[in-house]
2 protein chains.
Amino acid sequence: MDPLDVLTNLEKVIPYYQAIFSADEQRVIGYEVLGRIQIENDVESLGSFFHDENIPDEYRIEVDDYILHNALKEFLSLMDSEILLFINRDANLLMLDHGESFLQALLDQQINGLKLTQIVLEITEHNFQGDTEQLYHLLTYYRTYGIKIAIDNIGKASSNLDRIGLLSPDILKIDLQPLRLTSPLQSYYDVLYSISLLARKIGATLLYEDVEVNFQLQYAWKNGGRYYQGYFLDKPKREFLQRDDSKERLKREFQTFISTEKKKLETIYKFTEQFHKRIQQFLMKYDKQDEQYELLLNQLSNELDDCCFRIYICDEDGFQQSVNIFKKDTWIVQPQYYMKNWSWRPYFLANIIKMRFEKKGFLSDVYSDIETGELIRTFSYPLNNIHYLFVDLSYEYLFEEEGLL
Amino acid sequence: MDPLDVLTNLEKVIPYYQAIFSADEQRVIGYEVLGRIQIENDVESLGSFFHDENIPDEYRIEVDDYILHNALKEFLSLMDSEILLFINRDANLLMLDHGESFLQALLDQQINGLKLTQIVLEITEHNFQGDTEQLYHLLTYYRTYGIKIAIDNIGKASSNLDRIGLLSPDILKIDLQPLRLTSPLQSYYDVLYSISLLARKIGATLLYEDVEVNFQLQYAWKNGGRYYQGYFLDKPKREFLQRDDSKERLKREFQTFISTEKKKLETIYKFTEQFHKRIQQFLMKYDKQDEQYELLLNQLSNELDDCCFRIYICDEDGFQQSVNIFKKDTWIVQPQYYMKNWSWRPYFLANIIKMRFEKKGFLSDVYSDIETGELIRTFSYPLNNIHYLFVDLSYEYLFEEEGLL
């Protein structure tokens, strides 16, 4: 498309709207504005126009402003003071006049009933060439008006953790495209998992975009997604989707996710109880006179040969009180682990205190073993008043058991 | 320093070594090689030389190789097959010959006893101009030799989550400089917290560098740090620090951290038990005939006025079964929250299942409230067989109570 064709046909430029849904209300909570142009009987995206840096800034700004003006007018006609409007802005263009014209365009619509708290500014700044601090000052200034800030492309090439941290955006937008691969890297899941926990810590809302099939929606829901957007839910269109149009369908979807997840959690609970009993019963048979932990570990490795690959014992400060017994084809003793300290590991001391208070064993989440790199879980068990048993369950075992991976 | 001065005085270029310590062994587990040059009676860093892209690549490579050659020789003289050598390489320079000369330099030392599993390659690639995928292929190839890969500057401008994910490095190196600010942003802590959980998930080891004062060491220890480096522990020097030189001191430091953390965790446990009793006793007095939750919430808000700012009730699928009662100067009712669903929030369903099985209330970690942005904790309590009570504790209250923030 020739850029001049766009500019000379400005009256054919139109805003399209893609609905954004929330998991808490199971209905539309906002619309993202997308630029389109009517060419004969076709409607084409203006995405490439906006991303083409060879097109002079003032041209792109003119088209951007034109769309914004019309979108705001149509948005106000909804007369819904709770719904959000998501507006994209290129950071480079925004900063040309220090963000003034954009803010003014919004302020101008206040007399027509626009509340600035309804505006979400989606900022694309991974190719921003200016002073990041000035940009962040501007965004902070916008927020004093109630404008919400969304950061785009989290989890992709441009997602620096520090900018998430610096800006504490209201919304983190995560693209699910890598999930369409037949086998995305495990680490992709891990990165999204840690982003979801970061979002919780900083109080940001996660918006998953490009949701194209059911399992992506489920994945997004499982990973802290509050808002969703994508062809699976609604295509961009000329009109605003009715807020409750997909409510029943969404409710059904979420209900399925909830049931599945609850069943999985119940399985883990039941497994934990059984495994606790299994160790308890073994220890009852075991002659406690014998304080040689190496012997205990030896016998335990026989008993738990079907499921585990490493066993050791620590005191409540995390100092290892035994050797490691480790399965590498056969079981071997690793004496060099004696007196190593594990208190620095995430959750370690919290888990010790938990066992001390509750006098019960429990199962960890799935994580990567730091030595083998395999996905494992650890079962911890209070051996007596001062020492704690750790049993690392192997990937093969977790894989075979229903619902443990 | 004139680059030519470096090249014409190559015999004055020397490797310095900064020790890296581990929390599990409380002693030196490796040394980072740093380039220095002897100028008259001074020893100057070659950092600026290596980072100056105006200096021709071949000059920098020559100096790099010279240092590496000498460092390997000295390293081998240690005759310690367990200790690690951390070697920095600029990704741009490394890729000039597709990483061949670097690998060959290492392979050449195998006859002298070098095990490639002792080598950690610290790769700096935030200014890498080549094909990232080719670089990652090379690093993956290196790893087949047992060489470990460390990624630098995590948590700083260049730390893309996707590259952490793509490469699954063995070691993530985190710079603690922002912690020297008198008041680093809360979000800085949150970002590091989520990196520590990511590291656990992908099985990477966290190395905190620039540890300059005690509280940074404590912070690093608390946030999943296994390895530490910095002036607080050891300055770069011409000789290798003896492995056990700081063992007693480190052990004392960690013991203090462990005691402090355990006390904090005990406080939280005791608080949880007391708070559970407080709610239990209130509910025993409360007339259960009355199934109007709004009335219950009303009375609870009187009872818990000192500590909480929001109370609501959900079923076990996360559908809210009551209004919100919310403290904003005075307590107000927010009816619009009725039937909202919260199952998408991290930990929500896991916590429900936990309460169902254990029939006990419990306290969440500290996180940012999604509406107020304040740091809060939530106390959850199984109200009956199907409904669960959620009490959000205010920042002011947590701040006043010992050990809850």
Side-chain angles (χ1 to χ4, degrees), chain A residues 23-26 154-162 164-166 168 185-188 190-191 193-198 200-205 221 223-226 254-255 257-258 261-262 265-266 269 316-318 340-346 349-350 352-354 357 367-370 373, chain B residues 23-26 154-162 164-166 168 185-188 190-191 193-198 200-205 221 223-226 254-255 257-258 261-262 265-266 269 316-318 340-346 349-350 352-354 357 367-370 373:
Chain A
D24 45 324
E25 301 190 57
Q26 302 108 48
I154 302 301
K156 276 175 91 175
S158 58
S159 53
N160 298 328
L161 285 175
D162 70 323
I164 301 177
L166 251 178
S168 287
L185 290 170
Q186 172 64 35
S187 58
Y188 175 75
D190 296 332
V191 165
Y193 166 80
S194 66
I195 291 176
S196 78
L197 296 189
L198 174 61
R200 176 173 174 278
K201 280 284 183 195
I202 66 175
T205 293
W221 172 84
N223 284 275
R226 181 184 198 177
F254 288 128
Q255 195 61 62
F257 304 160
I258 292 168
E261 187 64 15
K262 274 167 63 187
L265 290 163
E266 282 162 11
Y269 247 91
E316 67 164 47
D317 286 352
K340 282 210 186 190
N341 185 284
W342 305 110
S343 63
W344 53 274
R345 301 179 81 173
L349 288 179
I352 291 278
I353 299 296
K354 181 174 162 176
F357 274 82
Y367 67 100
S368 296
D369 184 67
I370 211 158
Chain B
D24 44 326
E25 301 190 58
Q26 302 109 49
I154 303 300
K156 275 174 94 175
S158 58
S159 52
N160 298 329
L161 284 175
D162 70 323
I164 300 178
L166 251 179
S168 288
L185 291 171
Q186 172 63 35
S187 58
Y188 175 75
D190 297 331
V191 165
Y193 166 80
S194 66
I195 291 176
S196 78
L197 296 189
L198 174 61
R200 177 172 174 279
K201 280 283 182 195
I202 66 175
T205 292
W221 171 84
N223 284 275
R226 181 183 198 177
F254 288 129
Q255 196 60 62
F257 304 160
I258 292 168
E261 188 64 15
K262 274 168 61 186
L265 289 162
E266 283 163 11
Y269 247 91
E316 66 165 48
D317 286 351
K340 281 209 186 190
N341 186 283
W342 305 109
S343 62
W344 54 274
R345 302 178 81 173
L349 287 179
I352 291 279
I353 300 296
K354 181 174 163 176
F357 275 82
Y367 67 101
S368 296
D369 185 66
I370 212 160

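In what follows, every chain begins at residue 1, and chains take the letters A, B, ... in the order their sequences are listed.
Of the listed residues Leu349(A), Leu197(A), Asn223(A), the one with more heavy-atom pairs under 4.5 angstrom with chain B than any other is Leu349(A). Of the listed residues Ser368(A), Ala204(A), Gly225(A), the one with more heavy-atom pairs under 4.5 angstrom with chain B than any other is Ser368(A). In terms of heavy-atom pairs under 4.5 Å with chain A, the best-connected choice from Asp317(B), Asp369(B), Thr205(B) is Asp317(B). With respect to chain B, the highest number of heavy-atom pairs below 4.5 Å among Gln26(A), Glu25(A), Glu261(A), Lys262(A) belongs to Lys262(A). Chain A forms more heavy-atom pairs under 4.5 Å with one residue of Ser343(B), Ser196(B), Gly224(B) than with any other, namely Ser343(B). Considering only heavy-atom pairs separated by less than 4.5 Å from chain A, the leading option among Lys354(B), Gln255(B), Arg226(B), Glu266(B) is Arg226(B). Interface remark: of the candidates Phe254(A), Phe257(A), Tyr193(A), Tyr193(A) forms the most heavy-atom pairs closer than 4.5 Å to chain B.
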message: Between Ile258(B) and Asn341(A), is the side-chain contact (heavy atoms from CB on, under 4.5 Å) condition met? List the steps.
response: CA-CA 11 Å; Ile258(B) 292 168; Asn341(A) 185 284; 3.8 Å; yes
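One finds no salt bridge joining Lys201(B) and Asp190(A) here, because no Lys/Arg side-chain nitrogen approaches an Asp/Glu carboxylate oxygen to under 4.0 Å. A salt bridge does not link Asp24(B) with Arg345(A): every distance from a Lys NZ or Arg NE/NH1/NH2 to an Asp or Glu carboxylate oxygen is 4.0 Å or more.
Looking at Trp221(A), both its backbone and its side chain come within 4.5 Å of chain B, counting heavy atoms on both sides. For Glu316(A), the parts sitting under 4.5 Å from any heavy atom of chain B are the backbone and the side chain alike.
Side-chain contact between Ser194(B) and Ile195(A) is absent, with no heavy-atom pair separated by less than 4.5 Å.
Closest non-hydrogen pair, Ala350(A) versus Leu265(B), comes out as N-CD1, 3.6 Å.
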